[in-house]
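Step one of this worksheet: look at the structure below.
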Amino acid sequence: MVLNGAIGKRLLNVREAAQYLGLEVDTVYKKARLRELPYVKVGRALRFDVIALERYVEQHTIGTLD
């Protein structure tokens, strides 16, 4: 499995997810808390599934007027 340029790396930490989405770390925490971003709890840590983040981006993409 090749995801996000790394072999087998499907779950990202908050900093990596923020970089992937082009957001600030605080914004990622806020969106997770408001349940706007899908996440996985691993103990007390939040992890973000790359596939779920891709789906989130696709669902929130605004198309062009052709």
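These numbers come from the heavy atoms of this one structure, side chains and all, not from hydrogens, waters or symmetry mates. Quantities reported herein were computed from a predicted structural model and do not represent experimental measurements.
- A distance of 11.5 Å separates CG of Leu23 from NZ of Lys30, quoted to the nearest 0.5 Å.
- The environment of CD in Gln19 is sparse: at most 12 heavy-atom neighbours from other residues, nucleotides or ligands sit within 6.0 Å.
- Shortest non-hydrogen contact noted between Lys41 and Gly43 is CE-O, 3.6 Å.
- Between Tyr39 and Ala32, the shortest heavy-atom contact is CE2-O, 3.3 Å.
- Annotation: side chain of Val40 is not in contact with side chain of Leu46 (no heavy-atom distance under 4.5 Å).
- Nearest heavy atom pair, residue Ala17 against residue Leu53, reads CB-CD1, 4.1 Å.
- Panel note: side chain Glu16, backbone Asn13; a donor-acceptor pair is recorded below 3.5 Å.
- The line from CG of Leu21 to CG of Leu12 is 8.5 Å long, rounded to the nearest 0.5 Å.
- Here the closest heavy-atom approach between residue Lys31 and residue Tyr56 is recorded as NZ-OH, 3.9 Å.
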